[in-house]
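To start, the structure under review is shown below, and the notes come after it.
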Amino acid sequence: MTTTTQAVRSTGAFGTAHTRVEGRDKVTGAARYAGDFPFDELAHGWLVLSTVARGRIRTVQADPVLAMPGVLAVLHHENAPRVTTDYMSVVGPPDPALGLFQHDQVPYVGWPVALVLAETSEQAREAAEALVVDYDEEPHDIAFYAGHPDAYLPAGSPAGPAEVVKGDVEDALARSAVVVDEEYTTPEEHHSPLEPHAATARWEAGRLDVVDSNQSTVWVAGELAKLFSLDPAAVRVRSEHVGGGFGSKGVRPHQVAAAMAATLLQRPVRVVLTRRQMFSLVGYRSPTTQRVRLGADPDGRLRALDHQALSLTSTVHEFVEPSAAFGRPLYDADAHRTAFRVVRLDLPTPTFMRAPGEAPGSFALESALDELAEKCGLDPIALRVRNEPAVGPVSGLPFSSRNLLACFDEGARRFGWADRDPRPGVRRDGRWLLGTGMAAATFHVGIGPSTAAVTAEADGTYTVRINATDIGTGARTALTLVAAESLETEPARVRVHIGDSDLGAAMFAGGSMGTRSWAWAVMRAAADLREQLALGGDIPPDGITARSDTAEAVAALAKKERHSFGAQFAEVAVDVASGEVRVRRLLGIFAAGRIVNPLTARGQFVGGMIWGISMALHEEAVRDRASGAQVGPDLANYHFSANADVPAIEADWVDDPDPDDPVGIKGIGEIGVVGTAAAIANAVWHATGVRHRALPIRPDRVLTAGGSSSA
Ligand code: MOS
């Protein structure tokens with residue numbers, strides 16, 4: 001396989017497999033996670049969440065609980081200190097759930113209504129579970145469905161405008177010889193990172209000091225400063241090791257609760273979320289309904305592409321799952337319309353979850369493409385190649401680099417696609433029907449400003465300081481390799497400090513932008529340092545330090561369509577008697593810029609693809625209409641792919657150089673999940689002759705739909 005060759009230079013750091021620099025600490029338990037740090041006089045807080053979907057709190061019966069062993073206080077809307085929520089954060093207005101205990105209104109099940117503080121975690125939990133809260137309930141509405149009359153076009157989203165139109169879609173559809181017009185749905189899904197959210201707050205030398213597990217310490221510190229009206233310099237947040245985030249580890253009620261309680265008690269306070277609480281307190285992926293209409297000539301050339309998506313948000317905060325944005329850079333068509341709408345319901349606010357928009361959007365559009373290929377009698381890859389654009393289909397901008405076709409070529413070769421019999425439902429292996437499917441993937445490439453400092457120490461080693469966060473991606477190791485390459489030294493001589501707001505401003509770990517953004521700041525500081533060292537002279541005892549700030553450089557980057565691309569291939573076996581679907585093989589080939597560390601990069605791609613299996617076959621949060629609550633919000637009832645569901649997965653990449661890009665790294669954290677579910681659903685069609693347009697493809701859905709009986 002051709003891996004990136006341009007990357008290997010003198011030291012061999014960049015582009016060479018390297019185990020995690022903190023790996024030994026993690027496997028020996030020396031690495032401390034947010035809930036592990038010991039503190040003297042530590043008190044424990046336990047959040048109490050609403051049990052009704054809409055209404056007002058009538059009473060919080062705190063007295064009986066205050067008499068329980070170890071209980072120190074019960075905070076709720078009648079006694080909590082005031083906080084400020086009238087500000088803008090790095091991702092827009094704050095989630096009102098951060099305004100803890102500021103009023104008596106309950107907008108959804110799982111809204112925080114009280115915090116019980118006690119000497120031990122067990123005492124806090126027992127008291128919290130005993131706390132009686134009375135409500136005046138109001139009728140609620142959680143019904144989410146296509147064509148909801150209250151759906152609206154949001155003002156915008158991080159993914160761009162809610163609606164983008166080129167040409168006349170209705171006219172183009174009317175002129176199309178072949179039309180696909182189908183509805184696709186994806187369910188509510190949850191991140192569930194391995195490490196639960198946990199924060200410990202204390203006042204230390206006049207500063208609020210928070211040990212946390214998050215995707216950006218500056219983001220969390222900035223919001224805490226605003227919420228509590230503190231000088232930003234008076235807040236320090238650390239997040240040294242993070243056991244997964246996937247979009248869920250921004251600012252959440254537990255950090256606010258810990259800070260509020262530490263201020264009140266004047267002692268350190270820890271608040272840890274339970275797995276169950278995470279299902280309502282840290283965001284989730286909205287369910288979607290998506291109508292895709294494709295119109296094409298008999299040879300597959302697209303005349304019309306129309307993708308209309310709907311997601312939900314809460315009544316108190318707007319979060320939009322921008323599913324329809326997926327197709328904007330991907331396929332050209334004479335008429336091109338993509339729009340995402342949202343509806344406000346009495347449910348918790350969704351949030352960013354690995355490939356927000358692209359994950360559900362790719363399921364709909366890449367399934368529809370497969371349906372169009374079938375109708376045109378075309379190979380699914382040939383159909384996509386026919387509609388490959390020269391420039392951004394709706395933006396008109398040039399692509400920084402676009403190597404989707406190379407992904408198709410390499411993937412098809414390695415998967416054995418050329419021998420594929422296109423007919424559905426004709427392959428058997430005992431009781432199993434076999435099929436193969438593919439889908440395209442793309443993910444936007446972004447960058448944010450960061451600062452970095454690189455020090456040449458007197459002993460010949462180097463220290464890098466950058467406020468990056470390693471949420472499990474291997475970012476700490478990647479930055480070690482980037483620094484070693486830039487300094488022309490070995491990785492062993494470089495130590496990297498991350499995860500501390502005192503290190504300064506930096507991009508958050510999100511949008512697959514972290515390593516790209518941080519690496520640039522490190523490269524620039526390292527280059528500056530090498531120039532200083534080239535002047536010669538002794539290194540003083542406290543070293544020589546060079547600093548960088550990429551704000552101006554980021555703003556000056558040429559405006560282009562910057563994306564990674566990929567091709568996903570799946571082979572499935574379907575037992576139409578039991579309804580079971582097994583993924584037998586999965587191959588993903590990506591064009592994702594320079595790959596810093598093949599070992600952890602492969603882990604990111606494969607991890608995303610496993611999410612894709614989970615999304616295709618297992619994950620689905622079910623809600624009870626009558627109560628508004630999720631049924632079984634735990635990892636026993638919320639099914640996801642486990643080891644036995646995961647076959648041998650291969651992920652690899654093609655050269656994806658971009659001479660105009662000073663960084664070259666594109667970001668790899670999310671694209672692995674993009675298109676995977678569609679490839680699997682397309683393979684299920686190929687196996688059975690039945691289209692599954694609703695995820696997950698559960699056994700009961702396979703049984704209801706049946707399949708080809710040809711044998
Ligand atoms: Mo990601 S959903 O930007 O953490």
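FYI, the numbering just counts along the sequence from 1. Values in this document were obtained by computation on a predicted structure and should not be read as measured data. Atoms within each ligand, like the ligands themselves, are counted from 1 in listed order.
For the pair E366 and F326, the minimum side-chain heavy-atom distance is below 4.5 Å. With contacts defined as side-chain heavy-atom distances shorter than 4.5 Å, the pair D645/L617 does not qualify. In this structure, R341 and E163 have side chains that are in contact, with non-hydrogen atoms separated by less than 4.5 Å. P696 places none of its side-chain heavy atoms less than 4.5 Å from the side chain of H618.
Counting atoms of ligand 1 from 1 in the listed order, those under 4.0 Å from a heavy atom of P356 are 2 (S). Distances below 4.0 Å separate heavy atoms of Q215 from the following atoms of ligand 1: 4 (O). Residue F352 has at least one heavy-atom neighbour below 4.0 Å for each of these atoms of ligand 1: 2 (S).
Nearest non-hydrogen protein atom to atom 3 (O) of ligand 1 is G511 N, 2.5 Å. Looking only at heavy atoms of the protein, atom 1 (Mo) of ligand 1 is closest to E670 OE1, 3.6 Å.
Checked against a 3.5 angstrom limit, the closest N/O atoms of G510 and ligand 1 fall outside it.
Contacts of M353 with ligand 1, taken as heavy-atom pairs under 4.0 Å, involve the backbone alone. Contacts with ligand 1 closer than 4.0 Å are made by backbone heavy atoms (N, CA, C, O) of R354 only, the side chain lying farther away.
A cation-pi arrangement is found for R524 relative to W520, the charged atom lying closer than 6.0 Å to the ring centre and inside a 45° cone about the ring normal.
Here the rule is ring pair (Phe, Tyr, Trp, His ring centres under 6.0 Å) with H190, and of F246, Y284, F640 only Y284 fits it.
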